[in-house]
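One structure, as structure tokens, below. Some questions next.
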Protein chains: 2
Amino acid sequence: MVYTEEAFKAELNAKGWRSTRQREIILQTFQNLPEGTHLSAEELHEKLREAGHNISLSTIYRTVKLMARMGILRELELTEGHKHYEINQPAPHHHHHLVCVKTNQVIEFKNSAILGITQKVAEKYGFKVLDCQLTIIGISPEGQRSIL
Amino acid sequence: MVYTEEAFKAELNAKGWRSTRQREIILQTFQNLPEGTHLSAEELHEKLREAGHNISLSTIYRTVKLMARMGILRELELTEGHKHYEINQPAPHHHHHLVCVKTNQVIEFKNSAILGITQKVAEKYGFKVLDCQLTIIGISPEGQRSIL
DNA sequence: TTGAGTGCAAAAATTTTGCATGCTC
DNA sequence: GAGCATGCAAAATTTTTGCACTCAA
């Protein structure tokens, strides 16, 4: 899935919002990230600065929230203490997370059954689905071995 | 599932931690909440104060984090902007959440297949499971009707 | 007796907001 | 031209931490 600038603009305009340079850049940045990479607001800010784009943190916060509400980004709250965002990929690339409470490691996994469950539940309640996340919290093999 | 004071103490001691009045009270408070109720640190603080227990916010933050790491509480990050905690119920009571990005409403649902998927994934990676949460983010019927 | 746990206040970290200015529609 | 979006700084919110004191093991 590659959102073209035009499609993005059309979707924004349809809701009365506007296409801006900042929003385009942020979308492109997320689309060019290696699969599974997720960034916090601060990390995105830094990455943009490195690329020569001075976009304020306020705008970043406002934009990622907007894009999450549009279903373009997924908002992840894993173990790092702040929110992370990543591109919301459709079915074959869609993944979920396994999180260790001891080592804080995060493993991604895919499972095709989850989407089916999600669609059935959403249909029952009349929801339009933007994203679904199965997060498994547990203790990794390394964590189980550690003394603490 | 009702954790007795003794079982709680034993589990704490087994890891070198201690059973304290504050920890007992917090556990009891969560256990007496109606099913599906989740509280933020601040809400728990207020609830404890109402019940005549003056436990500092610091202790509350430290305790809920500890209990989440023990698997006694689940840490939820739904839409409210801060973490919420609830008792981690075993299978028949275990539930998941459907969240609307427009109205912020949260619906709980149960699904027995999720635990099976979780166990299979955890086994593959050698994880000991503490909790699993399928969170569906979408737009509720009311949200779809709203103009904004 | 030892050191883990608590409370308090201060600090840190993260996110939101008011307002003047800029830019899209 | 109207009003949504941005940037900046300030504020608000949420969470963590240092330290002296308390209490469980």
Side-chain angles (χ1 to χ4, degrees), chain A residues 5-6 8-27 29 38-46 48-49 52-70 73 75-85 101 104 147-148, chain B residues 5-27 29 38-46 48-49 52-70 72-73 75-85 101 104 147-148:
Chain A
E5 286 199 21
E6 293 71 34
F8 184 41
K9 179 175 187 318
E11 203 169 321
L12 285 166
N13 291 349
K15 310 225 170 148
W17 297 321
R18 293 172 182 186
S19 167
T20 65
R21 200 182 113 267
Q22 290 85 339
R23 291 177 179 175
E24 293 290 356
I25 291 171
I26 291 172
L27 174 62
T29 301
H38 48 258
L39 302 175
S40 66
E42 192 61 70
E43 288 162 350
L44 174 59
H45 192 218
E46 181 52 31
L48 289 168
R49 182 168 21 230
H53 297 119
N54 276 75
I55 299 182
S56 75
L57 247 190
S58 310
T59 295
I60 289 175
Y61 274 107
R62 287 187 275 232
T63 303
V64 293
K65 179 174 286 190
L66 175 69
M67 289 170 69
R69 276 161 172 48
M70 291 173 77
L73 296 181
E75 192 173 74
L76 307 175
E77 177 70 43
L78 301 170
T79 188
E80 303 92 338
H82 39 242
K83 288 174 181 146
H84 279 70
Y85 294 85
V101 298
N104 285 341
I147 321 152
L148 277 180
Chain B
E5 285 198 20
E6 293 72 34
F8 184 41
K9 179 176 187 319
E11 202 168 322
L12 285 165
N13 290 349
K15 310 226 168 145
W17 297 322
R18 296 174 180 185
S19 166
T20 65
R21 200 182 113 267
Q22 291 86 338
R23 290 177 179 176
E24 292 290 356
I25 291 171
I26 291 172
L27 174 61
T29 301
H38 48 258
L39 301 175
S40 67
E42 192 60 69
E43 287 162 350
L44 174 58
H45 192 220
E46 181 52 31
L48 290 168
R49 180 166 24 227
H53 297 119
N54 275 76
I55 299 182
S56 76
L57 246 189
S58 310
T59 295
I60 289 175
Y61 273 107
R62 287 187 274 233
T63 303
V64 293
K65 180 174 285 187
L66 175 68
M67 290 171 69
R69 275 162 173 47
M70 291 173 76
I72 296 174
L73 295 181
E75 191 174 75
L76 307 175
E77 177 70 40
L78 301 170
T79 187
E80 302 92 339
H82 38 243
K83 287 174 182 147
H84 279 70
Y85 295 86
V101 298
N104 284 341
I147 320 153
L148 276 178

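Computed from heavy atoms alone, side chains included, the values below leave out hydrogens, waters and symmetry copies. None of the values given here were measured: they were computed from a predicted structure. Naming convention: chains lettered A, B, ... in sequence-line order (proteins, then strands); numbering from 1 in each chain.
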TODO: Using the side chain to side chain contact (heavy atoms under 4.5 Å, CB included) rule, take Lys83(B) and Tyr61(B) through it: C-alpha gap first, then chi angles, then the decisive distance, then the call.
DONE: CA-CA 10 Å; Lys83(B) 287 174 182 147; Tyr61(B) 273 107; over 6 Å; no
- [ ] Tell me whether the OP1 or OP2 atom of dG7(D) has a side-chain N or O from Gln22(A) closer than 4.0 Å.
- [x]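 Yes, within the criterion.
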- [ ] Starting at atom NZ of Lys83(A), determine the distance to atom C1' of dT15(D), rounded to an integer number of angstrom.
- [x] 14 Å
Open item on the list: Can you tell me which residue among Leu39(B), Ile55(B), Thr59(B) is in a side-chain contact (heavy atoms from CB on, under 4.5 Å) with Leu48(B)?
Closed with: Ile55(B)
Open item on the list: Please find the pair of heavy atoms, one from Ser40(A) and one from His84(A), that lie closest to each other, and give the distance.
Closed with: N-CD2, 3.5 Å
- [ ] Might you work through the side chain to side chain contact (heavy atoms under 4.5 Å, CB included) test for Leu66(B) and Arg23(B), ending with a clear yes or no?
- [x] CA-CA 10 Å; Leu66(B) 175 68; Arg23(B) 290 177 179 176; 3.6 Å; yes
Open item on the list: With nearest nucleotide decided by heavy atoms, which residue, Glu42(B) or Asn13(B), maps closer to the 5′ end of DNA chain D?
Closed with: Glu42(B)
Task: Which residue lies more 5' along DNA chain C, comparing Ser40(A) with Leu66(B) via nearest heavy atoms - done: Leu66(B)
Open item on the list: Measure CH2/Trp17(A) against P/dC4(D) and give the value in whole Å, please.
Closed with: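 From Trp17(A) CH2 to dC4(D) P: 12 Å.
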Task: From His45(B) atom NE2 to Ile26(B) atom CD1, the distance as rounded to the nearest 0.5 Å - done: 9.5 Å
Open item on the list: Strictly below 4.0 Å: does Tyr61(B) bring a side-chain N or O up to OP1 or OP2 of dT16(D)?
Closed with: no
Open item on the list: Measure CG/Leu76(B) against C1'/dT14(D) and give the value in whole Å, please.
Closed with: 17 Å
Open item on the list: Just the rounded figure in Å: distance from P of dA5(D) to CG of Asn54(A).
Closed with: 21 Å
Open item on the list: Whether Glu46(A) and Arg49(A) form a salt bridge (side-chain N of Lys/Arg under 4.0 Å from carboxylate O of Asp/Glu) is what I want to check.
Closed with: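 A salt bridge is present here (some side-chain N lies under 4.0 Å from a carboxylate O).
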- [ ] Determine the contact category for Thr20(B): base if any of its heavy atoms lies under 4.0 Å from a base atom, sugar-phosphate if only primed atoms, P, OP1 or OP2 are that close, otherwise nothing.
- [x]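 The residue Thr20(B) makes sugar-phosphate contact but no base contact.
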Task: Value in whole Å for how far the C1' atom of dA25(D) lies from CZ of Arg23(B) - done: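 Value for this atom pair: 13 Å.
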- [ ] Using a cut-off of strictly less than 4.0 Å, decide whether Lys65(B) has a side-chain nitrogen or oxygen near OP1 or OP2 of dT15(D).
- [x] no
- [ ] Consider the side chain of Arg62(B), meaning its heavy atoms from C-beta on, and name the nucleotide among dG7(D), dA24(D), dG18(D) that approaches it most closely.
- [x]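 So the side chain of Arg62(B) is nearest to dG18(D).
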TODO: Could you tell me from which nucleotide to which nucleotide of DNA chain C, 5' to 3', there is an atom under 4.0 Å from chain A heavy atoms?
DONE: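 In short, chain A contacts DNA chain C from dT14(C) to dC25(C).
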Open item on the list: Expressed as a whole number of angstroms, how long is the span from Leu12(A):CG to dG3(D):P?
Closed with: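 From Leu12(A) CG to dG3(D) P: 20 Å.
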Task: Heavy-atom closest contact (Glu42(B) atom, Leu57(B) atom, distance) - done: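 That closest heavy-atom pairing would be OE1-CD1, 3.8 Å.
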- [ ] Pick base, sugar-phosphate or nothing for Lys9(A), based on heavy-atom distances below 4.0 Å to the nucleic acid.
- [x]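 Sugar-phosphate, backbone atoms only, no base.
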TODO: Rounded to the nearest angstrom, tell me the gap between atom CD1 in Ile60(A) and atom C1' in dA5(D).
DONE: 14 Å
Open item on the list: Without decimals, in angstroms, what is the distance between Leu57(A) CG and dA10(D) C1'?
Closed with: 14 Å
